Amino acid sequence: HFLALARGEDDREVVPERPEKSISHEQTFDADLATLRELKAELLRQAEAVARRVRRHQLRARTVHLKLRDRRFRTATRSLSLRAPTSSTRTIYGVAAGLLERWLEEHRGVPLRLLGVGVSNFSDAGDAEEGGTGLDGAVDEITERFGDGSLVRALGLERKRR
C-alpha cells in the first residue's frame with residue numbers, strides 16, 4: 001500500500017480539508033497596458049470571473065483586493081473591506097475600479113504589466129443573495145451553458161479587439 005502511494009498511485013477521491021480563503025484572477029500582459037479604458041476592460045473581465053466563482057461556491061465576500069505590477073516588476077496591492085458581503089459582479093468591479101483609479105492617480109503614466117482582482121473574508125450566501133439573481137444569475141447561466149466569452153459586456157469588447 002505504501003509503495004503504491006509513494007509512486008503516486010491512489011484511487012481515493014481528493015477531499016480538500018478547508019474551505020476557500022480567497023478567490024482571485026490575474027493576468028500578465030504581453031504588452032503593457034497604459035490607458036484607463038484598457039485597464040478597466042481587463043478588470044471587468046477578471047471581476048466577472050471572480051464573482052462567478054464566488055457565486056458558484058455559494059459565498060459572499062467582504063474584502064476586494066487589487067494587484068498591480070509595472071514594467072520594472074514592482075508589485076503593489078490595494079484592498080477595501082465592505083460593510084456588507086457581496087457576490088455581485090457590479091460591486092466587486094466597482095470597488096476594484098475605484099482602487100485602480102486611486103493607484104493610477106498616484107502613479108500617473110505608469111503602464112501595467114500585470115493586473116489582478118480578488119476577494120476574501122467570506123461568509124455563506126443567504127437566501128436573499130443579491131448576486132445570484134437578476135443580471136448576474138442570467139450571465140452565469142449563459143456562461144455555464146455556452147462557455148466563457150460567450151457573453152461579453154460592452155467594456156469587455158475593448159480588450160477583445162486587441
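If you're wondering where the values come from, they're calculated on a predicted model, not measured in any experiment.
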- Message: Quick test of your reading: applying ring-ring contact (aromatic ring centres under 6.0 Å, His included), list the pairs with at least one residue in residues 94-118, sequence neighbours left out, ordered by first then second residue.
- Response: Trp103-His107

- Under the salt bridge (charged side-chain N to carboxylate O under 4.0 Å, His left out) test, residues paired with Glu106 that sit two or more places apart: Arg78

- With sequence neighbours left out, what residues match Arg7 under salt bridge (charged side-chain N to carboxylate O under 4.0 Å, His left out)? Glu9

- So do the side chains of Leu115 and Leu33 get within less than 4.5 Å of each other, counting heavy atoms only? no

- If you take all heavy atoms of Gln46 and Gly116, which pair is closest and at what distance? OE1-CA, 3.1 Å

- Query: For Leu104 and Leu39, what are the C-alpha separation, side-chain angles and deciding distance, and is it a side-chain contact (heavy atoms from CB on, under 4.5 Å)?
  - Reply: CA-CA 10 Å; Leu104 289 172; Leu39 290 165; 4.0 Å; yes

- Item | Contacts of type side-chain hydrogen bond (donor to acceptor under 3.5 Å, both in side chains), residue Ser79, not counting sequence neighbours | none

- Item | salt bridge (Lys or Arg N to Asp or Glu O under 4.0 Å) between Arg45 and Glu48, intermediate numbers included | CA-CA 5 Å; Arg45 188 182 67 77; Glu48 286 176 323; over 6 Å; no

- Message: Distance check, rounded to the nearest 0.5 Å: Leu44 atom CG versus Ile92 atom CD1?
- Response: 11.5 Å

- For His65, the side-chain hydrogen bond (donor to acceptor under 3.5 Å, both in side chains) test, sequence neighbours excluded, returns Ser120

- Task: Might you confirm whether atom CZ of Arg71 has over 12 heavy atoms from other residues, nucleotides or ligands at distances under 6.0 Å?
- Result: no

- Message: According to salt bridge (charged side-chain N to carboxylate O under 4.0 Å, His left out), who are the partners of Arg53, at least two apart in sequence or on a separate chain?
- Response: none

- Partners meeting side-chain contact (heavy atoms from CB on, under 4.5 Å) with Arg69 (sequence neighbours left out): Lys67, Phe73, Thr75, Leu114

- Distance col, row Leu68:CG vs Glu26:CD, nearest 0.5 angstrom, shows 10.5 Å

- Item | Under the side-chain hydrogen bond (donor to acceptor under 3.5 Å, both in side chains) test, residues paired with Ser81 that sit two or more places apart | Thr63

- Note on the structure: By side-chain contact (heavy atoms from CB on, under 4.5 Å), Asp10 pairs with (sequence neighbours left out) Leu5, Arg12

- Note on the structure: Residues Asp136 and Ser88: closest non-hydrogen pair is OD2-CA, 3.4 Å

- Under the side-chain contact (heavy atoms from CB on, under 4.5 Å) test, which residues partner Arg83, sequence neighbours left out? none

- Query: With Glu101, which residues qualify under side-chain contact (heavy atoms from CB on, under 4.5 Å), at least two apart?
  - Reply: Leu36, Lys40

- Query: So how far is it from Asp124 CG to Leu59 CG, rounded to the nearest 0.5 Å?
  - Reply: 6.5 Å

- Partner set under salt bridge (charged side-chain N to carboxylate O under 4.0 Å, His left out) for Arg74, not counting sequence neighbours: Asp70

- Message: Less than 4.5 Å apart, side chain to side chain, heavy atoms only: is that true for Asn121 and Pro85?
- Response: no

- Task: Evaluate side-chain contact (heavy atoms from CB on, under 4.5 Å) for Leu66 paired with Leu43, printing each intermediate quantity in order.
- Result: CA-CA 9 Å; Leu66 183 70; Leu43 196 63; 3.7 Å; yes

- His57 and Phe122: side-chain contact (heavy atoms from CB on, under 4.5 Å), yes or no, with the steps? CA-CA 10 Å; His57 289 290; Phe122 293 118; over 6 Å; no

- Query: Between Ala51 and Thr89, which heavy-atom pair has the shortest distance, and what is it?
  - Reply: CB-OG1, 3.3 Å

- Message: Applying the side chain to side chain contact (heavy atoms under 4.5 Å, CB included) criterion to Val117, which one of Val64, Leu100, Ile23 satisfies it?
- Response: Val64

